[in-house]
Q: 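Structure provided below as structure tokens; questions to follow.
Lettering follows sequence order; numbering is per chain, from 1. Model, not experiment: these values are computed from the prediction.
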Protein chains: 2
Amino acid sequence: MNRKRNCDDDTREFKSKNLEVERRRREKLSRRLLMLRSINPIITNMNRGTIIVDAITYIEKLQDEVQSLSQQLHQMETTSEETAEAKIDEVEAVENMKNWGIQAEVSVAQIDENKLWVKIIIENKRGGFSKLIQTLNYFGIELIDTHLTTIKGAFLITSCIQGKDGERLEINQTKNLLKDIINDM
Amino acid sequence: MNRKRNCDDDTREFKSKNLEVERRRREKLSRRLLMLRSINPIITNMNRGTIIVDAITYIEKLQDEVQSLSQQLHQMETTSEETAEAKIDEVEAVENMKNWGIQAEVSVAQIDENKLWVKIIIENKRGGFSKLIQTLNYFGIELIDTHLTTIKGAFLITSCIQGKDGERLEINQTKNLLKDIINDM
DNA sequence: ACCCACACGTGAGGC
DNA sequence: TGCCTCACGTGTGGG
């Protein structure tokens, strides 16, 4: 502890051998502390001790952030698994349609001045049919009576439709609308 | 630097006033370094300097992790917006059913020894109908002829079904299967 | 003057 | 032994 250097060492200063080594060590430690402070965006003070405290709190914050993010990501992945399955189903549906030589088709015929008869053959996309119905509903088209059959990856739909509020439906417009809807799926 | 204490201070050791204070400071710093080391799962050495280096590398790793996770989360959110829309549609569908007093319903009747007639009223879940069809298909049930109407957030389905390969269908089993499928949606 | 934080040089102990 | 790390007590400069 207390330096026991004798008082008789007169003028000649006796340097320890590890003087320079110790100096290097201190410098290295200081540089590393500055490094630690430089990558930490949250700094309260530039004291030697507060640098470490800030680093601790920053690490804890990052750990919480990682945990929270991975948690959110995990539950988002689990909820979107069915979407992935749907994608696979759609691919298989197209394959089936190709294998069986089924061609997509849209036919529209006039029944009377208010009603049209439509026949649609499309690939069996997951949710495609209900989306078709909803889209038609959005465009003011009401499905009165509908037949539907699924065969080997295809929807076969025949339906009697009319415009809401007695609005007249044009054959070509309706046909183009149906094609657009199917293409958008 | 060199202590200038006169050699005439004889036996009485003169303690600096900041001796204890400095001691507290050192202890505090050591404790904080141990804290920093304790929350760091990646430890190469327990040296004073390597503790800081490990903390730096750990912070950098955490930062990269946070960036990567938030990036993945962001692009997953953008791709799953449509799912959120579907959820909203489902909620609205249930609201509509409640507003119009439509009750979910499953009825099954026997047509002949091979065919059953079913009537189903369910909420208009996005993709629910095609999932119903696919699930029935998975359980070996074939839909021969199907009527479907959507009214105010509900599917009204009447269908003639039979078992594949001439397999007989029991009424109660089929009814329970349909209920299970609907509950799983 | 005081307080606080830091750097300094050195001895002790482990490998 | 030498090398390396740490704790110690103190001097010093800034607020």
Q: Between A:E27 (CD) and C:dA7 (C1'), how many Å, whole number?
A: 11 Å

Q: Expressed as a whole number of angstroms, how long is the span from A:N18:CG to C:dC8:P?
A: 14 Å

Q: Whole angstrom is fine here: how far is it from CD1 in B:I51 over to C1' in D:dT5?
A: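 One finds 12 Å between C1' of D:dT5 and CD1 of B:I51, rounded.
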
Q: If I compare all heavy atoms of B:Q72 with all of A:L73, which pair ends up nearest, and what's the gap?
A: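 Here B:Q72 and A:L73 meet closest at OE1-CD2, 3.2 Å.
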
Q: Take the protein atom CZ of B:R24 and the nucleotide atom P of C:dC3, then report the distance between them rounded to whole Å.
A: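 It is 15 Å, rounded to the nearest whole Å.
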
Q: Ignoring hydrogens and geometry beyond distance, is the side chain of A:E22 in donor-acceptor contact with the base of D:dC4 at under 3.5 Å?
A: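 Flag unset: no donor-acceptor pair detected.
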
Q: So which one's nearest nucleotide on DNA chain D is more toward 5', B:R23 or A:V21?
A: A:V21

Q: Could you check how far CG of B:L29 sits from C1' of D:dT5, rounded to whole Å?
A: 15 Å

Q: To the nearest 0.5 Å, how far apart are CZ in A:R32 and CD1 in A:I51?
A: 14.5 Å

Q: Does A:Q110 CD have over 12 foreign heavy atoms under 6.0 Å away?
A: yes

Q: Considering only C:dA12, C:dA7, C:dA5, which nucleotide approaches the side chain of A:S30 most closely?
A: C:dA7

Q: A quick test of your reading: do over 12 heavy atoms of other residues, nucleotides or ligands sit less than 6.0 Å from CD of B:E167?
A: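 No, because the 6.0 Å sphere around CD of B:E167 holds 12 heavy atoms or fewer from other groups.
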
Q: The side chain of A:R48 is closest to which nucleotide in this list: C:dA5, C:dA7, D:dC6?
A: C:dA7

Q: Does A:R25 have a side-chain nitrogen or oxygen under 4.0 Å from the phosphate oxygens OP1 or OP2 of D:dC6?
A: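 For D:dC6, OP1/OP2 do have a side-chain N/O of A:R25 under 4.0 Å.
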
Q: Counting heavy atoms from C-beta on, name the nucleotide in C:dG9, C:dC6, D:dG9 closest to the side chain of A:R26.
A: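 Nucleotide nearest to A:R26's side chain: C:dG9.
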
Q: D:dC8 C1' sits how many Å from B:E20 CD, rounded?
A: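 It works out to 14 Å between those atoms.
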
Q: Roughly how far, to the nearest 0.5 Å, is the NZ atom of A:K115 from the CG atom of A:L169?
A: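 One finds 11.0 Å between CG of A:L169 and NZ of A:K115.
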
Q: Would you kindly give the CG-to-P distance between A:N47 and C:dC6, to the nearest whole Å?
A: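 Between P of C:dC6 and CG of A:N47: 5 Å.
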
Q: Just how far, in rounded Å, is P of D:dA7 from CG of B:L19?
A: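 Interatomic distance, CG of B:L19 to P of D:dA7: 16 Å.
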
